[in-house]
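Remarks on the structure that follows.
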Amino acid sequence: MTSDMVNINTDNTISAPSQRTVSADELLLRAPRARAFITGSEAVSEAVKRANIDMSIAYPITPQSESMHLIGDLYAQGYVRDYYRAENEFAVMAAVHGAALGGGRVFTATSGPGTLRAMEMFPVWAGSRQPIVCAFMCRGVALPPSIQPENIEMAFLLDTGMLMFHAENAQDFFDMILAGYAIAEQPEVHLPVGVFADGFFVTHTREVVMLPPDDVKLPAYSPDIAPIQPFDMEHPPVRQTRDPLMNKSNFTSYAASASWHQEILAAAERARKHINKYMGGLIEISNPNAEIMIIASGTAASQSREAIRILEREGITVGLIKVKSVRPFPTREIIMATEMAKLIVVPEFNAGGWLAREVKASLNNNDRVLAGPRVFGGMAMPSEVIVDEIKKVINNKC
Amino acid sequence: MKQVNIDIRMAGLGGQGVVTAAHILGTAVVHTGKYAVVNPFFGAEKRLAPTESYVRISDEPIYDRGEVMYPDVIAVFAPQVITAGKSHSIPFYSGLRNGGLVVVNSEEPVINDKDMAEIDKMGARAVYVPATKLAVDFAGTDLATNMTMLGALCGLAPGLVDLDSLLTAVEERFSGKSKIVASGTTAALDDAIKSKFDRAAALVEKNLVAIREAFRYANR
């Protein structure tokens, strides 16, 4: 009966006009690319257009609204098989989970307070091993309220079990969403992927993005390769939530739950080689031999690049470790890339400093880490601020 | 070596097309082979509320994101930006780089003596262009003010972009060759402006005439 359901889902393909199926390797790694001058929101739509999506469910929130609106347009054009606007973010995240459990490839996106409202569902996605790809257009939450860019919500999601990639710009946003499906749907991974971008800095900014042709798309998702079968009452995780045996307070139920937890964490570890393949690594390094290294993700990496330019003109060489994958975290890569570093600067667009905490927890001699500068509440981070922080340390040592 | 770059801040009122103007200018620049990054001020949208947009232009890839804090060029689309404080940046010239340029849409001087002295001190210059009047005279609607502002900027700031590339970008914008949606309300405004003209082609043609006239005015 299960296989019949699978067939119904996978055969129900309304082909968008003249798109042919190509492998993820072809689409991401080999297809020729052409320049487009587009916003980050449009880049999301371009990725979804090529992702052969069965279902996308929207609930608008700034700065996510434009991209999910554009995906509604894709539905009207036949590129997305089903689409609707749900009651709220919790409903969206619960419904895409249902669609994924049923064997479909799904996409959705949200921002800040929407992320928090839907919070309960993210560990559920991971717990049921669904390869859902969700974009997070990060913005302020109510501390105090702001619709503007900052990425504190990423701190809240670090231990939900989902893979987390942080896009620096519209190009990354496009690539990471498509790579997200390629990685999430590996049988040995099969976990949800969150693709994060700093709202407005990426979503509302127009820049050149290199795109593969739009007459190709990923092959349809096949739930047959999943480590768990589509919605099936006899296997974990559904059996786990359904079956009284599993929910009882006894050793068997604890052991079953614990081993399932461990398997989710192990699956994230197994994602590393696929991240290396489809995203070119968990980190990206510029000026690897510099004694001063900046470790940054998202827009903070861009602002760091400008700071490095300014310092270069003054004869100060600074390197950059751009963190692309936050989960799994590139612990080994960062240890190796900072072996020579005497100063490690971690600029961030949030008040909590979650990346600095991750970095400090990864390194032995972490008094090298300068946990800042930080901006939040929607402020921009002029590259001069990073330059000043670095110069302050240099001048104190002289 | 310092890269050759121009950072522009456009300030006006919601609905004037300040964001659309930035997207069009950025598109024109990218057509010439240079790099451009465009973004609006990151706020909620309201008609007639202060609105800013930013264009960064360079010969090199641009990484810098967010508001332009130190502009070379400030384009003021509505005199109320200066006279009524309808501006995110107060005073409106804050952060202006030495030797910079301020272009103000107004038929008469609106910058007070104190502010003018500050602008002079920076070695910057302020120029008034009757952009709304030019829009009404040549495109038949004040909704083309963003077009005449672009034409004037093109004429006043050599090295920004050439007029032909600008005109091509405008044609693309309204012919649907490249869809630029500045915001959720832009589509509604598009319909409003299209209703001012008989056909979309007439809209493009009148806009192009208005831009050329503003360019000519600026070069006088």
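By convention in this document, chain letters (A, B, ...) are assigned in the order of the sequence lines, proteins followed by strands, and residues within each chain are numbered from 1. Atoms considered below: every heavy atom in the structure, side chains included; atoms not considered: hydrogens, waters and symmetry mates.
- Across all non-hydrogen atoms, the minimal contact from A/Glu306 to B/Asp64 is OE2-N, 3.0 Å.
- With a threshold of 4.5 angstrom between heavy atoms, A/Arg35 approaches chain B through side-chain atoms but not through N, CA, C or O.
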Next item on the list: Any chance you could lay out the side chain to side chain contact (heavy atoms under 4.5 Å, CB included) test for B/Phe41 and A/Gln148, step after step, and finish with the verdict?
Entry: CA-CA 10 Å; B/Phe41 179 82; A/Gln148 304 201 337; 4.0 Å; yes
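- Between B/Tyr63 and A/Glu207, the closest side-chain pair of non-hydrogen atoms is not below 4.5 Å.
- Within a 6.0 Å radius of CZ in A/Arg33, more than 12 heavy atoms belonging to other residues, nucleotides or ligands are found.
- Contacts between A/Asp198 and chain B at a heavy-atom distance below 4.5 Å are absent for every atom of the residue.
- For a residue to count as touching a neighbouring chain, one of its non-hydrogen atoms must lie under 4.5 Å from one of that chain's; by this rule A/Pro149 touches chain B with the side chain only.
- Figure legend: B/Arg65 and A/Phe201 shown without cation-pi pairing, the cationic atom not lying both under 6.0 angstrom from the six-membered ring centre and within 45 degrees of its axis.
- A/Met379 CE: 12 or fewer foreign heavy atoms inside a 6.0 Å radius.
- For the atom pair CZ (B/Arg56) and OG1 (A/Thr205), the distance works out to 8.0 Å, reported to the nearest 0.5 Å.
- Proximity of A/Arg309 to B/Glu60: side-chain heavy atoms (C-beta onward) are separated by under 4.5 Å at one or more points.
- In the displayed structure, B/His31 atom NE2 is contacted under 6.0 Å by more than 12 heavy atoms of other residues, nucleotides or ligands.
- Contact count against chain A (heavy-atom pairs under 4.5 Å) is highest for B/Val38 among B/Asn39, B/Val30, B/Val55, B/Val38.
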